[in-house]
Amino acid sequence: MTDVYVISGFLGAGKTTLIKTMVRSAFKNKKLVVIENDFGEAGIDAGLLKECNLAVTSLSDGCICCSLTGDFEKAMERILKDYIPDAVLVEPSGVGRLSDLIKICLKQEDRGLIHLKRTITVVDIRSFDKYRKNYGGFFEDQIAYADLILLSHQEEGGQEIQSVKIKIQEMNPEARVEADFWESIPASVFRYGPRNSSIFKLEMEAAVSMKPVRIRSCREPSRRTGFIRRHFARDVFSSVTIEWKEPITEERLGKKILHVVKHAEGEILRGKGIVADGRRGLVFHYLPGSLSIEPANIVGNQVCFIGTGLDEQQIHTLFREETT
């Protein structure tokens, strides 16, 4: 069976950066394939990963945990047949539940195709309290089902490291929590470790459940049955992807991004994209209060915003407006 590692984390936590780090250290000289799942239409993270000469399968137009289960299973079967990799790294959408993806992987494990080796979650210490408060159902699930939890952006929130670590350990006392910079963490920590007992519980639930499941629309909760409404990522979050083919300077790109963030209805939680300035590519990452734009040897023409309550047409209009 092929080992599978799931790299989870909320929007902008640093999943793609972690995969690049793991490729250089924990999986050096190993044959790897990445299954990457951007929420929405943009395969931006897939483009960034291909810089590392990785084979990348991109699943977009949704979240694995909501609507792409069949696509994921087919992609996994094709990868195992065509590439025969030493390991597969799965980067799910930042707004998906880790437990749902684990269930999908366990089905594949039961068929003897893969072995779910490690579930890793990246937590941005700067936004821990905010995301836990506002998006607890998704955010806490990613922590509760992780074997290994890595903190990101330590250099920007040094004073919060210990308090966040304590809160995480209260939510998931079994997980190993690493607050060190990733390059200094031994390769064995990424690759090996005990399986979270919460995952064993998911296995047992799947094994003993013989009852037919009645699927109800999560948009119409029933008072008579007392069913609890369950939100899926597509019901809470939305994404807007913009195709931008004309050359753009770094300064102009920054102004456009901040213009969208300032005037857009709803809340933008994440922005990312790859565009061209005429000579090279420009890669940008936006998180609330933080915007970085860097040159890169990547070709791309997409800009993506993810958030809640977004008006797609308005964001298209705002981005295309000229700013001063």
Side-chain angles (χ1 to χ4, degrees), residues 9-17 19-20 34 36-52 56-64 68 91-96 124 127 131 153 233-234 236-324:
F10 207 67
L11 296 168
K15 300 185 294 296
T16 303
T17 301
I19 289 176
K20 289 183 176 181
V34 178
E36 187 275 330
N37 176 212
D38 264 337
F39 184 78
E41 301 175 0
I44 293 167
D45 290 344
L48 296 174
L49 288 170
K50 286 177 181 176
E51 278 188 297
C52 303
V56 181
T57 294
S58 181
L59 302 178
S60 57
D61 292 322
C63 173
I64 292 174
L68 297 177
E91 181 189 354
S93 162
V95 296
D124 184 344
S127 53
Y131 287 164
H153 301 288
R234 62 176 176 264
V236 179
F237 303 96
S238 59
S239 69
V240 178
T241 300
I242 301 168
E243 189 174 274
W244 187 268
K245 294 184 177 181
E246 67 180 73
I248 186 171
T249 65
E250 181 176 332
E251 180 182 7
R252 186 175 171 221
L253 175 62
K255 288 181 177 180
K256 283 182 172 293
I257 295 165
L258 295 178
H259 180 66
V260 171
V261 170
K262 180 178 179 180
H263 297 285
E265 295 179 7
E267 181 179 17
I268 293 178
L269 299 170
R270 181 78 166 99
K272 53 187 175 181
I274 305 173
V275 295
D277 70 354
R279 299 170 299 154
R280 58 189 176 179
L282 292 175
V283 176
F284 85 85
H285 293 278
Y286 169 80
L287 289 168
S290 172
L291 171 63
S292 66
I293 303 175
E294 299 178 353
N297 295 318
I298 311 174
V299 176
N301 58 6
Q302 286 188 319
V303 172
C304 181
F305 295 99
I306 303 172
T308 59
L310 304 184
D311 182 320
E312 181 174 2
Q313 186 57 53
Q314 183 202 32
I315 289 180
H316 274 269
T317 300
L318 288 171
F319 190 81
R320 295 181 186 283
E321 287 177 352
E322 289 302 323
T323 59
T324 57

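Scope of the values below: all heavy atoms of this structure, side chains included, with no hydrogens, waters or symmetry mates.
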Notebook entry, point to check: Does atom CD of E251 have more than 12 heavy-atom neighbours, drawn from other residues, nucleotides or ligands, at distances under 6.0 Å?
Noted result: no
On a heavy-atom basis, the closest approach of C304 and S239 is SG-CB, 4.3 Å
Residues at least two apart in sequence or cross-chain that pass salt bridge (charged side-chain N to carboxylate O under 4.0 Å, His left out) with K245, listed by chain then number, are E243
CD of E312 to OG of S238, rounded to nearest 0.5 Å, is 8.5 Å
Q. Is the closest side-chain heavy-atom distance between L318 and K262 below 4.5 Å?
A. no
- prompt: Using the ring of each side chain (for Trp, its six-membered ring), is F10 parallel, tilted or perpendicular to Y131, with breaks at 30° and 60°?
  reply: tilted
Do Y286 and I306 have side chains that approach each other closer than 4.5 Å (heavy atoms only, starting at C-beta)? no
Just do the side-chain contact (heavy atoms from CB on, under 4.5 Å) check on Q314 and V240 with the steps written out, would you?
-> CA-CA 10 Å; Q314 183 202 32; V240 178; over 6 Å; no
Rounding to 0.5 Å, atoms NZ (K15) and OG1 (T17) come to a distance of 10.0 Å
Note to self: Could you walk me through whether I274 and W244 satisfy the side-chain contact (heavy atoms from CB on, under 4.5 Å) test, starting with their C-alpha distance in whole Å, then the side-chain angles of each, then the deciding distance to 0.1 Å, before giving a yes or no?
What the structure shows: CA-CA 9 Å; I274 305 173; W244 187 268; over 6 Å; no
Hits for ring pair (Phe, Tyr, Trp, His ring centres under 6.0 Å) against H259, two or more places apart or cross-chain, chain-then-number order -> H263
Rounded to the nearest 0.5 angstrom, the CG-CG distance for L253 and L291 is 7.5 Å
Taken in chain and number order and not counting sequence neighbours, the residues that satisfy salt bridge (charged side-chain N to carboxylate O under 4.0 Å, His left out) with D277 are R279, R280
In short, A296 meets V283 closest at the heavy-atom pair CB-CG2, 3.7 Å
### Message
Any non-hydrogen side-chain atom of K256 less than 4.5 Å from a side-chain atom of I248?
### Response
yes
V303 versus F284: any side-chain heavy-atom pair under 4.5 Å? yes
Any luck finding a side-chain donor-acceptor pair between Q302 and T241 under 3.5 Å?
no
Original post:
If we only count heavy atoms from C-beta on, is the E294 to H285 side-chain gap below 4.5 Å?
Top reply: no
Margin query: Contact between D124 and L287 at the side-chain level, heavy atoms closer than 4.5 Å - yes or no?
Written below: yes
